Amino acid sequence: MTGLPDPTWQVLPREFYRRHPALVAPELLNKILVRSDGRAARIVEVEAYAGSEDPAAHSFRGRTARTATMFGEAGHLYVYFTYGMHWGSNAVCGEAGEGFGVLLRAAEPLLGVELMRQARPRARRDRDLASGPGKLSQAFGINRDFDGADLVGGDRGIRIASDGTPPPDTPVVGPRIGISRAVEFPWRWHVPGHLHVSVPPRKR
DNA sequence: GTCCCGATTCCCT
DNA sequence: GGGAATCGGGACC
């Protein structure tokens, strides 16, 4: 008994996360974000953020109260608040102290879709439920209370698992979205041709 | 203490 | 394609 919606799914082990986010990120594609209330969605778009190496990372200038989770143990959820209304969800990577993480930018709802619709009353179509970092967090009910949640142990009911689907052989790689610094880092990956990815606003 | 702007989303034109 | 909503983090005085 795994406690997951499907007993054949395997929770990703701690070691999966203990690497550079640019390695972890593309491997998170096609993995599944799971909440214990039955919500599950396939991760189809991610971005890497690399601490002191990365001027666009929240952790670039060192640890603060807000980014403390990012500097902790890999495999935990770093949740941040932005634009006065949106939450973003990241998987902490690397070694403690590095401030590495992978932003979960978009996912395809698989299970618990009705709960996601309730959490996102403004979404017209199901493909709008989690096609962006703020949308994904809202669809799963992720907020400040989930900052620091253990994605491996599932202490707060949020985990990442695999159903055996491998990451795409040739993911789409390109610049990250919504940042103004280090815009040249090609650290955004998504599943090719997927309907549920966020559409990159072409500016900034 | 003040000020700027953000790892965004939604609605209108 | 443009702009509003909304507020906390962090840089700087």
Side-chain angles (χ1 to χ4, degrees), chain A residues 17 20-22 24-26 28-29 33 41 43-72 74 76-94 98-109 116-149 151 158 160 171-190 195-204:
Chain A
Y17 301 97
H20 195 279
V24 175
L28 276 172
L29 295 177
L33 182 66
I43 297 164
V44 296
E45 179 181 344
V46 293
E47 285 177 355
Y49 286 91
S52 60
E53 312 171 9
D54 180 7
H58 291 164
S59 47
F60 180 60
R61 294 168 198 285
R63 177 183 177 133
T64 64
R66 174 213 202 185
T67 59
T69 297
M70 254 191 125
F71 287 89
H76 289 252
L77 194 66
Y78 162 55
V79 179
Y80 68 90
F81 181 67
T82 192
Y83 288 98
M85 62 190 93
H86 300 301
W87 299 96
S89 301
N90 303 253
V92 176
C93 297
E98 291 186 306
F100 290 170
V102 173
L103 172 64
L104 307 180
R105 284 196 59 90
E108 173 191 359
M116 296 186 198
R117 293 191 189 112
Q118 291 171 20
R120 285 194 35 74
R122 310 180 95 151
R124 302 189 170 210
R125 307 165 300 180
D126 286 353
R127 57 187 281 194
D128 300 321
L129 287 173
S131 56
K135 300 179 196 176
L136 182 155
S137 299
Q138 189 178 19
F140 274 82
I142 293 172
N143 57 34
R144 186 161 238 29
D145 296 338
F146 290 82
D147 183 45
L151 294 169
I158 295 270
I160 297 178
V172 178
V173 190
R176 295 173 290 183
I177 305 297
I179 56 170
S180 56
R181 297 182 295 178
V183 294
E184 69 280 9
F185 287 39
W187 280 358
R188 169 179 179 246
W189 291 263
H190 67 82
L195 213 55
H196 294 249
V197 301
S198 71
V199 183
R202 192 54 236 143
K203 293 182 70 172
R204 198 172 282 272

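Predicted model only: the values in this text are computed from it and were never measured. Reminder, nothing fancy here: chain letters follow the sequence lines and each chain counts from 1.
- Nearest to the side chain of Tyr83(A), among dC7(C), dC10(B), dG6(B), sits dG6(B).
- At the heavy-atom level, Arg144(A) lies under 4.0 Å from the strands shown only through sugar-phosphate atoms.
- Atom CD1 of Ile179(A) is separated from atom P of dC5(B) by 17 Å (rounded to the nearest Å).
- Across all strands shown, Arg66(A) has heavy atoms under 4.0 Å from sugar-phosphate atoms exclusively, and none from any base.
- Residue-level contact check: Arg181(A) touches neither bases nor backbone, having no heavy atom under 4.0 Å from any strand.
- Not one side-chain nitrogen or oxygen of Arg61(A) sits closer than 4.0 Å to the OP1 or OP2 atom of dG9(C).
- The Met85(A) side chain lies nearest to dA5(C) when the options are dG10(C), dA5(C), dC11(B).
- Within the 3.5 Å criterion, the main-chain N or O of Glu45(A) finds no donor-acceptor partner in the side chain of Arg105(A).
- No side-chain heavy atom of Asp147(A) sits less than 4.5 Å from a side-chain heavy atom of Phe81(A).
- The NE2 atom of His58(A) sits 16 Å away from the P atom of dC5(B) (whole-angstrom rounding).
- A donor and an acceptor atom, one from each side chain of Ser89(A) and Ser137(A), are located under 3.5 Å apart.
- Residue contacts shown for Gly132(A) are limited to sugar-phosphate atoms, with no base heavy atom under 4.0 Å away.
- Side-chain atoms of Ser180(A) lie closest to dG6(B) of the nucleotides dA7(B), dT9(B), dG6(B).
- For dC12(B), the paired nucleotide is dG1(C), the pair qualifying as Watson-Crick or G-U wobble because both relevant distances are below 3.5 Å.
- Of all non-hydrogen atoms in Phe100(A) and Glu53(A), the two that sit nearest each other are CZ-OE2, 3.4 Å.
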